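Per chain, numbering begins at 1; letters A, B, ... match sequence-line order. Computed from a prediction, not measured in an experiment: that's the story for all the values here.
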There are 2 protein chains.
Amino acid sequence: MPATYRDIKTDILGKITRGEWKPGSLIPGELDLAETYGSARATVNRAMRELADEGIIERKRKSGSRVRLTPLRQARFDIPVVRHEIEEQGRSYRYALIRSEVIAAPDWLRARLALAPGDRVRHLVCLHFGDGTPWQHEDRWINLTLLPQAESADFSASGPTEWLMSQIPFSSVEISIAATAADEVLAQHLDCAPGDPLLMTERSTRWNDQTVTYVRLVHRPGHRMTTRY
Amino acid sequence: MPATYRDIKTDILGKITRGEWKPGSLIPGELDLAETYGSARATVNRAMRELADEGIIERKRKSGSRVRLTPLRQARFDIPVVRHEIEEQGRSYRYALIRSEVIAAPDWLRARLALAPGDRVRHLVCLHFGDGTPWQHEDRWINLTLLPQAESADFSASGPTEWLMSQIPFSSVEISIAATAADEVLAQHLDCAPGDPLLMTERSTRWNDQTVTYVRLVHRPGHRMTTRY
DNA sequence: ACCAGTATTTTGTCTGGACTTGACATCGCA
DNA sequence: TGCGATGTCAAGTCCAGACAAAATACTGGT
């Protein structure tokens, strides 16, 4: 009964959580482990590599692997498409386009998207509902210099997120989360009082080193992002 | 010059971002890819596995691998220890203990930590400063039933986070992020106006299926959590 | 037409062997 | 003493081949 890489992983993790292998201490070399578990070094290597990826151990050539002093805690949050998020909770999804315009980019946006003066952008404001109550407010700016198709696209039936995903298959993103206070308009749309604290997600999507779209998503009052590991 | 798994990964990712392989389309089998790249199947497998881990492709036995329709966007946020976060920015760190008490767990906490009536907890309130200005407010509750050592520990010089890390080597956690409004006390400590929106992180740390500590971290006004990928 | 069992395909994992790379140690020479 | 060349070790990567497992396709019987 040879050990799988999964067995090895959980066993090592167990030794660490139980305190048998203390933070900072050296873990036996791959060759040793391979022998004790009765498996090949490649198998041990995979187990150790994944533990290192997860921030639990630290590996260095020549010196060996050791338990991290401060286990690097990193949380993985899924950033879902609103519609999927809502539908996965068994709620009905509704989308509403509030405003749609094509304008010259305001200065703050020009700086953010690295646009030239006079460059035009498509500006969209929309709302996403779950079971009829407001769920998320979307304030979206699309760079028309990079995505001229966006000028003629129709966003009255479905949101810009889904359209954009069909246009830009995969891209690099910068996501930022902060708290903000509801202004008059937001309060009305999200059905809360002005000044209420709201969770906001900002996202800039880059493609070929150029920012193609910037969006500010304001979540419904009380919204939480949760993850466990 | 054979292709490394890294080469293969970037090449495939390139084909996807350039739109050569569209979302939903089938990617050649590992055996095919191994031949086209002139490497072993194991090498291709590793490249594909990592792409799958990153949420870019979807793999299924027998049916093969395909580009995800909705690239699973997941953000990895580092959850740093405050002190490290501050010191990495080249700022000076200061810690202050505001309140320390051992009390019977209030009802809301009892529910959260699954405690029996009368069980006692250590309650700590502290502040973390960066370059002299308030950075983070920490409201920490430690389960004394599971961690009796916490009753006699001294938190006047350094924060409970660091002490806890020495006690619980590795554990599973539930993290939740939300927006909250500053109350009178928070406003005073964090040097802002009451009602100001603040980003709050809540964390429950479990060990052996029992919640050992619950903490509510309220960040300074304007704080953002950022990540890019 | 339906169903159960079987074949096939594709990914998942493992093996034991090899070479590479980065980091450290040490030796020899100026 | 200082310093560069060389050695050594452990992790990093790769290979070819093998079997396992899951999911689909197929096939024959009812």
*ring-ring contact (aromatic ring centres under 6.0 Å, His included) against Phe77(B), all qualifying residues, sequence neighbours excluded*: Phe77(A)

_According to ring-ring contact (aromatic ring centres under 6.0 Å, His included), who are the partners of Trp163(A), at least two apart in sequence or on a separate chain?_
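Trp163(A) satisfies ring-ring contact (aromatic ring centres under 6.0 Å, His included) with Phe155(A) once adjacent residues are dropped.
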
For [X], what residues pass the side-chain contact (heavy atoms from CB on, under 4.5 Å) criterion, not counting sequence neighbours?
| X | answer |
| --- | --- |
| Arg61(A) | none |
| Ala114(A) | none |
| Lys60(A) | Ser63(A) |

[X] has an atom [atom1]; how far is it from atom [atom2] of [N], in whole Å?
| X | N | atom1 | atom2 | value |
| --- | --- | --- | --- | --- |
| Leu31(A) | dG17(C) | CG | C1' | 12 Å |
| Leu33(A) | dG12(D) | CG | P | 13 Å |
| Ile57(A) | dA10(D) | CD1 | C1' | 13 Å |
| Glu58(A) | dA23(C) | CD | P | 13 Å |

Between [X] and [N], is there a contact of a side-chain N or O with OP1 or OP2 at under 4.0 Å?
| X | N | answer |
| --- | --- | --- |
| Ser65(A) | dA10(D) | no |
| Thr43(B) | dC15(D) | yes |
| Asn45(B) | dG12(C) | yes |

*Check whether the side chain of Arg41(A) and the base of dT13(D) form a donor-acceptor pair under 3.5 Å.*
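Flag set: donor-acceptor pair detected.
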
*Could you tell me whether Arg46(A) contacts a base, only the sugar-phosphate backbone, or nothing, with contacts defined as non-hydrogen atoms closer than 4.0 Å?*
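The residue Arg46(A) makes sugar-phosphate contact but no base contact.
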
*How are the rings of His128(A) and Tyr95(A) set relative to one another: parallel (under 30°), tilted (30 to 60°) or perpendicular (over 60°)?*
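Tilted.
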
*Listed nucleotide nearest any side-chain atom of Arg59(B), set dG12(C), dC14(D), dT13(C)*: dG12(C)

Extract from the structure each pairing of a protein N or O with an N or O of nucleotides 21-25 of chain D at less than 3.5 Å, listing the distance.
{"unit_1": "dA22(D)", "atom_1": "O4'", "unit_2": "Arg61(B)", "atom_2": "NH1", "d": "3.3"}

